[in-house]
Colleague: 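Okay, handing you the structure first.
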Amino acid sequence: MADAADRRHMARAIALAWRGLGTTDPNPRVGCVVVRDGEVVGEGWHERAGEPHAEVHALRAAGDRARGATAYVSLEPCCHQGRTPPCTGALVAAGVARVVYGCGDPNPRVAGGGAAQLVAAGIVVEGGVLEAEARAVNPGFIARMARGRPWLRVKTAVSLDGRTALADGRSRWITGPDARRDVQRLRARSSAIVTGIGTILADDPELTVRDEPAGAVRPPVRIVLDSSLRLPPGARLLSTPGPVVVLATHDDAGRRRALAAAGADVRVGAGEGGRVAPGALVEALLQLECNEVLVEAGPVVNGALLAAGLVDELVVYQAAHVLGDTARAVFVLPPLASMDDRPAFRLADVRRVGDDLRLTYLK
């Protein structure tokens with residue numbers, strides 16, 4: 001039975017796991033603390049995909065003091081050979097006496113198998129300690145493994161009357177510099193950033209992560225929904241670091257070659273209503289092993305994803321001004337037959353960011 005000390009050490013392991021934000025994809029973010037006789041003798045976190053996992057870092061720091069100790073791990077230790085050996089083997093070899101983990105690993109290759117291997121080796125195992133906090137570190141990985149699609153987060157900046165741009169599409173700048181800097185935090189934690197060709201043609205954004213030291217964040221994949229391959233080869237996002245994937249529904253060999261020469265990965269797939277089908281986007285995200293996905297798009301793309309039931313989270317930056325009823329809305333949706341058909345979310349967080357508000361809604 002977990003006690004106050006267990007919860008304290010698990011809280012530390014979870015805090016360490018957060019340090020992997022932006023560098024561990026497609027792996028989960030994991031932290032580990034090794035404690036012997038009440039003293040922390042080793043700590044570690046999964047720092048980058050392909051490198052040692054959190055348990056290995058913590059056990060190396062603990063050395064011989066790991067024998068007979070308790071290892072606190074934010075996620076159930078893995079038990080399969082990937083790019084690195086299984087962590088269960090490292091824990092057994094180190095001679096730990098007890099393993100406490102925050103939440104189970106939904107990866108079918110683990111899913112209880114890690115805990116079972118440790119028990120079979122004579123190690124006392126306890127799970128579910130600060131489970132909600134541990135799950136919150138990896139919403140995308142958990143979603144991809146448990147339900148077969150990543151966590152999709154829509155970000156938008158709105159006026160007091162819920163408008164995102166003037167009627168002609170101009171939107172710079174609805175919110176202030178503090179809110180725009182805060183968006184970089186969302187980009188940094190994302191596996192991919194999704195936008196539509198309309199946004200590219202109107203604003204020519206780079207969709208890069210700024211304000212982070214070089215190498216501190218793995219560049220997210222920029223995905224452009226571009227049914228007719230209208231993306232200009234000279235678009236700014238094609239001249240900045242990080243992969244670019246273009247999803248189309250109509251092939252044009254000449255345009256495809258030009259985009260490929262500019263560095264884009266062009267994929268032609270299913271369409272729906274003349275646009276890239278939401279299912280085709282999900283398929284591409286799974287092929288790319290994306291965990292958390294940030295959508296920075298216009299009302300048509302936002303509405304299509306919402307109507308398809310794919311939006312897990314809304315992050316709304318609200319500015320204290322009014323744009324009027326001719327300005328553009330957040331979502332383009334088909335008419336609702338009744339109030340019961342409204343897509344519903346719950347307000348999870350409100351905070352001030354400079355002169356603006358950031359409101360986070362969860363499905």
Colleague: Can you see which heavy atom on Leu91 is nearest to which on Ala71, and at what distance?
Modeller: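 Heavy-atom minimum between the residues: CD2-CB, 3.9 Å.
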Colleague: Backbone N or O of Phe331 within a donor-acceptor pair of the Asn302 side chain at under 3.5 Å?
Modeller: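 Between the backbone of Phe331 and the side chain of Asn302 there is no qualifying donor-acceptor contact (under 3.5 Å).
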Colleague: Which pair of non-hydrogen atoms, one from Ala280 and one from Leu247, has the smallest distance, and what is that distance?
Modeller: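 Taking Ala280 first and Leu247 second, the nearest heavy atoms are O-CD1, 4.4 Å.
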Colleague: With the side chain counted from C-beta on, respond yes when Phe141 and Thr24 share a heavy-atom pair under 4.5 Å apart, and no when they do not.
Modeller: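 No; the side chains remain at least 4.5 Å from each other.
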Colleague: Under a 4.5 Å cut-off applied to non-hydrogen side-chain atoms, are Thr208 and Arg222 in contact?
Modeller: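 Side-chain contact under 4.5 Å: yes.
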Colleague: Could you please spell out the steps behind the salt bridge (charged side-chain N to carboxylate O under 4.0 Å, His left out) verdict for Arg98 and Asp6?
Modeller: CA-CA 11 Å; Arg98 181 172 177 246; Asp6 288 333; 2.9 Å; yes
Colleague: Rounded to the nearest 0.5 Å, what's the gap from CE on Met10 to SG on Cys103? Could you check?
Modeller: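 Answer for the CE-SG pair, Met10 versus Cys103, is 9.0 Å.
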Colleague: To the nearest 0.5 Å, what is the distance between CG on Leu294 and CH2 on Trp151?
Modeller: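 Output value for this atom pair is 13.5 Å.
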Colleague: Determine whether more than 12 heavy atoms belonging to other residues, nucleotides or ligands lie under 6.0 Å from atom CZ of Arg135.
Modeller: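 No.
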Colleague: Under a 4.5 Å cut-off applied to non-hydrogen side-chain atoms, are Arg109 and Cys78 in contact?
Modeller: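 No, too far: nothing below the 4.5 Å cut-off.
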Colleague: Side-chain heavy atoms nearer than 4.5 Å, only ILVMFWY residues, links allowed to pass through others: does that put Phe345 and Val158 together?
Modeller: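 Hydrophobic grouping puts Phe345 with Val158.
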Colleague: Any idea which heavy atoms bring Gly303 and Leu333 closest together, and the distance?
Modeller: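 The answer is O-CD2, 3.4 Å.
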Colleague: With heavy-atom distances below 4.5 Å as the criterion, would you say the side chains of Leu288 and Ser191 are in contact?
Modeller: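 A side-chain contact is absent here, since even the closest heavy-atom pair is not under 4.5 Å.
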Colleague: Do Val35 and Leu16 share a hydrophobic cluster (ILVMFWY, side-chain heavy atoms under 4.5 Å, transitive)?
Modeller: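 Yes, it is one cluster - the side chains of Val35 and Leu16 are joined through contacts under 4.5 Å.
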Colleague: Following the transitive rule for hydrophobic clusters with a side-chain heavy-atom cut-off under 4.5 Å over Ile, Leu, Val, Met, Phe, Trp and Tyr, establish whether Leu362 and Val350 coincide in one cluster.
Modeller: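 No; tracing contacts between hydrophobic side chains, which count when under 4.5 Å, never links both residues.
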Colleague: Could you check if a side-chain atom of Glu272 sits within less than 4.5 angstrom of a side-chain atom of Pro278, using non-hydrogen atoms only?
Modeller: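 Yes; the side chains approach each other to less than 4.5 Å.
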Colleague: Test your reading of the model: is there a side-chain donor-acceptor pair from Arg256 to the backbone of Asp251, 3.5 Å cut-off?
Modeller: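 Checked: no pair found.
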Colleague: Does the pair Ile200 and Asp226 meet the rule for a side chain to side chain contact (heavy atoms under 4.5 Å, CB included), with working shown?
Modeller: CA-CA 10 Å; Ile200 297 294; Asp226 181 12; over 6 Å; no
Colleague: In Å and rounded to the nearest 0.5 Å, what is the CZ to CD distance from Arg267 to Glu283?
Modeller: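 Rounded to the nearest 0.5 Å, the CZ-CD separation comes out at 9.5 Å.
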Colleague: Taking Arg230's backbone N and O only, do any of them form a donor-acceptor pair with Ser228's side chain (distance below 3.5 Å, no angle check)?
Modeller: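 No; judged by distance alone, with no hydrogens or angles, the pair does not exist.
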Colleague: How long is the straight-line distance from CD1 of Ile14 back to OH of Tyr72, given to the nearest 0.5 Å?
Modeller: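 Atom-to-atom, Tyr72:OH and Ile14:CD1 are 12.5 Å apart.
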Colleague: To check you understand the geometry: which heavy-atom pair defines the closest contact between Pro150 and Cys290, and what is its length?
Modeller: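 Nearest heavy atoms, Pro150 then Cys290: CB-O, 3.2 Å.
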Colleague: Check for a donor-acceptor pair, side chain of Thr164 on one end and backbone N or O of Ala329 on the other, with a separation under 3.5 Å.
Modeller: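 Yes: the side chain of Thr164 pairs with the backbone of Ala329.
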Colleague: State, to 0.1 Å, how close Pro220 and Arg187 come at their nearest heavy-atom pair, and which atoms those are.
Modeller: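 Shortest heavy-atom separation between Pro220 and Arg187 comes out as CG-O, 4.0 Å.
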Colleague: Taking Arg19 first and then Glu43, would you say they form a salt bridge - that is, a charged N and a carboxylate O separated by under 4.0 Å?
Modeller: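 So Arg19 does not pair with Glu43 through a salt bridge.
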Colleague: Any side-chain heavy-atom pair from Arg180 and Tyr317 closer than 4.5 angstrom?
Modeller: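 The answer is no, as the side chains (C-beta and beyond) never meet within the 4.5 Å cut-off.
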Colleague: Show the nearest heavy-atom pair for residues Val129 and Val100, with the distance to one decimal.
Modeller: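 Closest approach of Val129 to Val100: CG2-CG1, 3.5 Å.
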Colleague: Just by distance, do the side chain of Thr195 and the backbone of Glu296 share a donor-acceptor pair under 3.5 Å?
Modeller: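 Flag set: sc Thr195 to bb Glu296 pair under 3.5 Å.
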Colleague: Side chains of Pro139 and Glu313: closer than 4.5 Å at any heavy-atom pair?
Modeller: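 Sidechains of Glu313 and Pro139: no contact.
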Colleague: Could you tell me whether Arg236 atom CZ has more than 12 heavy atoms of other residues or ligands within 6.0 Å of it?
Modeller: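 It does: Arg236 CZ has more than 12 such atoms within range.
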Colleague: When hydrophobic residues are tied together by side-chain contacts of less than 4.5 Å, even through go-betweens, does Leu285 share a cluster with Val246?
Modeller: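 Hydrophobic grouping puts Leu285 apart from Val246.
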Colleague: Counting only heavy atoms from other residues, nucleotides and ligands, does the tally under 6.0 Å from CG of Asp204 exceed 12?
Modeller: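 Yes, enclosed.
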Colleague: Donor-acceptor check, side chain of Asp178 to backbone of Asp356, threshold 3.5 angstrom: yes or no?
Modeller: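 Looks like no, no N/O pair under 3.5 Å.
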Colleague: What's the separation between atom CG in Leu306 and atom CG in Leu314, rounded to the nearest 0.5 Å?
Modeller: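 So the gap between those two atoms works out to 7.0 Å.
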Colleague: Decide side chain to side chain contact (heavy atoms under 4.5 Å, CB included) for Asn27 and His53; before the verdict, give the C-alpha distance in whole Å, the side-chain angles of both, and the deciding distance to 0.1 Å.
Modeller: CA-CA 10 Å; Asn27 297 343; His53 290 186; 4.3 Å; yes
Colleague: For the pair Arg358 and Asp349, evaluate side chain to side chain contact (heavy atoms under 4.5 Å, CB included) and give the outcome as yes or no after the intermediate values.
Modeller: CA-CA 8 Å; Arg358 189 185 75 208; Asp349 183 71; 3.7 Å; yes
Colleague: Is there a donor-acceptor pair under 3.5 Å between the side chain of Asp252 and the backbone N or O of Arg255?
Modeller: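 Here the side-chain-to-backbone pair exists.
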Colleague: Would you say Asp168 has more than 12 foreign heavy atoms packed within less than 6.0 Å of its CG?
Modeller: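 Yes, enclosed.
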Colleague: Using the side chain to side chain contact (heavy atoms under 4.5 Å, CB included) rule, take Val282 and Leu152 through it: C-alpha gap first, then chi angles, then the decisive distance, then the call.
Modeller: CA-CA 10 Å; Val282 171; Leu152 199 146; over 6 Å; no
Colleague: Counting N and O atoms only, with roles assigned by atom type, does the side chain of Arg65 sit under 3.5 Å from a partner on the main chain of Gly68, one being a donor and the other an acceptor?
Modeller: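 No, because the side chain of Arg65 does not come within donor-acceptor range (under 3.5 Å) of the backbone of Gly68.
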Colleague: Is the shortest side-chain heavy-atom distance between Ser74 and Val137 below 4.5 Å?
Modeller: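 No. Closest side-chain heavy atoms not under 4.5 Å.
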Colleague: With a 3.5 Å distance limit and no angle check, can you tell me whether Asp265 reaches the backbone of Pro243 through a side-chain donor-acceptor pair?
Modeller: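 Side chain of Asp265 to backbone of Pro243, a donor-acceptor pair under 3.5 Å: no, none is there.
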Colleague: Does the Glu76 side chain pair with the main chain of Asp105, one donor and one acceptor, at a distance under 3.5 Å?
Modeller: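 Between the backbone of Asp105 and the side chain of Glu76 there is a qualifying donor-acceptor contact (under 3.5 Å).
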Colleague: When Asp312 is tested against each of Arg149, Arg144, Arg153 for salt bridge (Lys or Arg N to Asp or Glu O under 4.0 Å), which residue passes?
Modeller: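 With Asp312 as partner, Arg149, Arg144, Arg153 yield a single salt bridge (Lys or Arg N to Asp or Glu O under 4.0 Å), made by Arg149.
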Colleague: Starting at OG1 of Thr175, measure out to CG of Leu357 and round the result to the nearest 0.5 Å.
Modeller: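 Here the interatomic distance stands at 11.5 Å.
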Colleague: Given the rule that I, L, V, M, F, W and Y join up when any side-chain heavy atoms are under 4.5 Å apart, are Val110 and Leu118 in one cluster?
Modeller: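 In one cluster: no.
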